[in-house]
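Worksheet: the structure to be examined is printed underneath.
Every chain is numbered from 1 and lettered A, B, ... according to where its sequence line falls, protein lines coming before strand lines.
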Amino acid sequence: MNASSGSTHFIRARRGYAGRRIVNAAMLVFTGLTTMLALVPLFWIIGYVVYQGGRHINLAFFTQLPTPPGVEGGGVWNAIQGTILLVILSGIFAIPPGVLAAFYAAYYPNTPLGIVVRFSTDVLAGVPSIVIGLFLYALVVVAQGHFSGLAGGIALAILMLPTIIRTTEEMLKLVPPTLREASLALGAPEWKTSLQVVLPAAGNGLITGFLLGLARASGETAPLLFTALGNEWFDFASLVRSGVETGLNPFEVFIRIIEQPVDSLPLTLWKYAQQPYPERIQQAWAAALVLMGFVLAINIAARLWIVVRARRMKG
Amino acid sequence: MQKSQTAVRTFLENFRKRAGSILHHGDRIWQLLTVGMGLGVALLLLGIGWMLWQDSADARTVFGWSFLLPTADASWNPVLEHFEAWPFIYGTLITSAVALLMAVPISIGIGIFLAELCPGWLRLPLGWMLELLASIPSVVFGLWGIFVFLPEVVEPLGSFLGAYLGGLPLLGALFAGPIPASGASRLAASLILTIMIVPTISAVTRDVFLAIPRSQREAAFALGATEWETISQILVPYGLSGILGAVILGLGRALGETMAVTMVIGNSISSAVSLLKPGYTMSSIIANEFAEAVSPLHSQALIEIGFLLFFVTLLVNMAARFMVWQVARKTPQEGRG
């Protein structure tokens, strides 16, 4: 009898000591194996996309507008510009409100509204992206009467919002309270303390939050299907030129650009993957490589940054 | 000249004073902004629900409850303008259920491994790899699914399952073959969903385990428990509500996932129950048909499906959050040093 027998009513061990040790070892090995199992698709997907995408990527892919289906050559310049436009728009719509809400969530976490904010942020993160697309369709596309980059940008902003709020909140909590108290004690009003003392101290962290949100949003397709829709002729340069020629001021040119339907890399990938033309499928692989490379690079950089920063704040 | 200069000077001074006092007491504005944006997040949720509810009003009055009820011969006919959503609801339920069934044991294993067993230097890189898996865009999963996963994994697996399980008395209906040559089927969607929700469930499970105070483990070890007994009989029951929350969170992901599923499920409206047959989910019918819906009733029917999806994922996510919070609440601020 070993020492543990006195506790059998608590630890329900019905086997002998050897049996228990075998079960223990088996289960520990099993958990390790499940971890390996989950990593198989990760490496399989990354490896295959790099292999296929790498073979089909070329300069034209980045610089030319699409050719008609079935015709060799052409690129996805329209989608690259559209992605950039959507990312900029979503940043404009998501960052200021996200940061303000995060201030509230970070400093009044246990007030009723603070709980509501954190709770709805978490719930919003779980709303399917296609539902957000439907919402923006009803809200903006129907009101405007046409699909637009604006609607797509707002949809992506809503997707980004939870990530931005959560990471900003975490970063604000990492800023030593003494810093904030010192500023308040010197008579600076709360808004000034928040904007000029706390925010810069948390600044790099905010950028990480934005980058993570951006990585998520830039890979999204579903909310763009009926907001930004896609546009094979989208081209900044020609839009600006025609705008200037008709005598519009820069602001009006900008409005005109965001009112166009735009393409994005994931949208292009989704459309091309389902077409029967080999050239287009090759471009879909190239698009997958660019998209995945972008998203993974941002993710890795942001996470590295968080670790380095947390370490520095602690030390 | 002199007079106007002093007038300007006093005006400027006054202006500076007033601006100064407004800015000095700008806390009002600041509070208004932060409270407003905080409320805005909550209002956004309400707004989404309200808008979808409003915009599906006609479809709801025309079709009533029969829109949602399980019927074997549910029809989805844009020409005759008759819509019933059961095939899509079934598709979503069966693919999510199968995905959960496969993902839960794997994810809990990963959560345990990451929190309890894995050496310290490996914990961070492994956690990151799971996050990377979670961050691969859904369309990339779909593309890989169409050209690699369907022919190389799903089709052989489907044929195998069809041949060996198709004849079983009750479960047989679920595995009635043959699987289409392309491999596009509900099984494919379930497997892709499994890969996609494992990172979510395992990350939350890991965090739940990490939140359990060290004293719980020490007590169990002191009583002579092995590592596995400590985990399965002490830690799992302790963190059960959190683990359940993680699972429900994964369910929410699976219910709403769109692009990858749309690309591999085969998109066919069928009343077959088999996993090996192509099908449709709620999110993929919206993705495929909404931009081309011509009649108002057709788009209203799709919006009604969207509302249902929103409502269900909302409930699921709220439940998950409550459960995860439960663990944090009952845990004293002791942590693990």
Contact leader toward chain A among B:A320, B:S135, B:G306, B:G40, where contacts are heavy-atom pairs under 4.5 Å
B:S135
Classify the angle between the aromatic ring planes of B:F307 and B:F311 as parallel (below 30°), tilted (30 to 60°) or perpendicular (above 60°).
parallel
With a 4.5 angstrom heavy-atom cut-off, could you sort out which part of A:L28 is near chain B: side chain, backbone, both or neither?
both
Out of B:P105, B:G256, B:G38, return the one with the most heavy atom pairs under 4.5 angstrom to chain A.
B:G38
Taking the inter-plane angle between the rings of B:F147 and A:W285 on a 0 to 90° scale, is it parallel (under 30°), tilted (30 to 60°) or perpendicular (over 60°)?
tilted
Scored by heavy-atom pairs under 4.5 Å with chain A, the best of B:I106, B:I48, B:N317 is B:I48
Return yes when atom CZ of A:R118 has more than 12 non-hydrogen atoms of other residues, nucleotides or ligands closer than 6.0 Å, and no otherwise.
yes
With a 4.5 angstrom heavy-atom cut-off, is it the side chain or the backbone of A:L42 that approaches chain B, or both, or neither?
both
Classify the ring geometry of A:W44 against B:W144: parallel below 30°, tilted from 30° to 60°, perpendicular beyond 60°.
perpendicular
When heavy-atom pairs shorter than 4.5 Å are enumerated against chain A, which of B:I303, B:I112, B:L143 gives the highest number?
B:L143
Side chain, backbone, both or neither: which part of A:R303 has a heavy atom under 4.5 Å from chain B?
both
Check the orientation of A:Y137 and A:F147. Use parallel for under 30°, tilted for 30 to 60°, and perpendicular for over 60°.
tilted
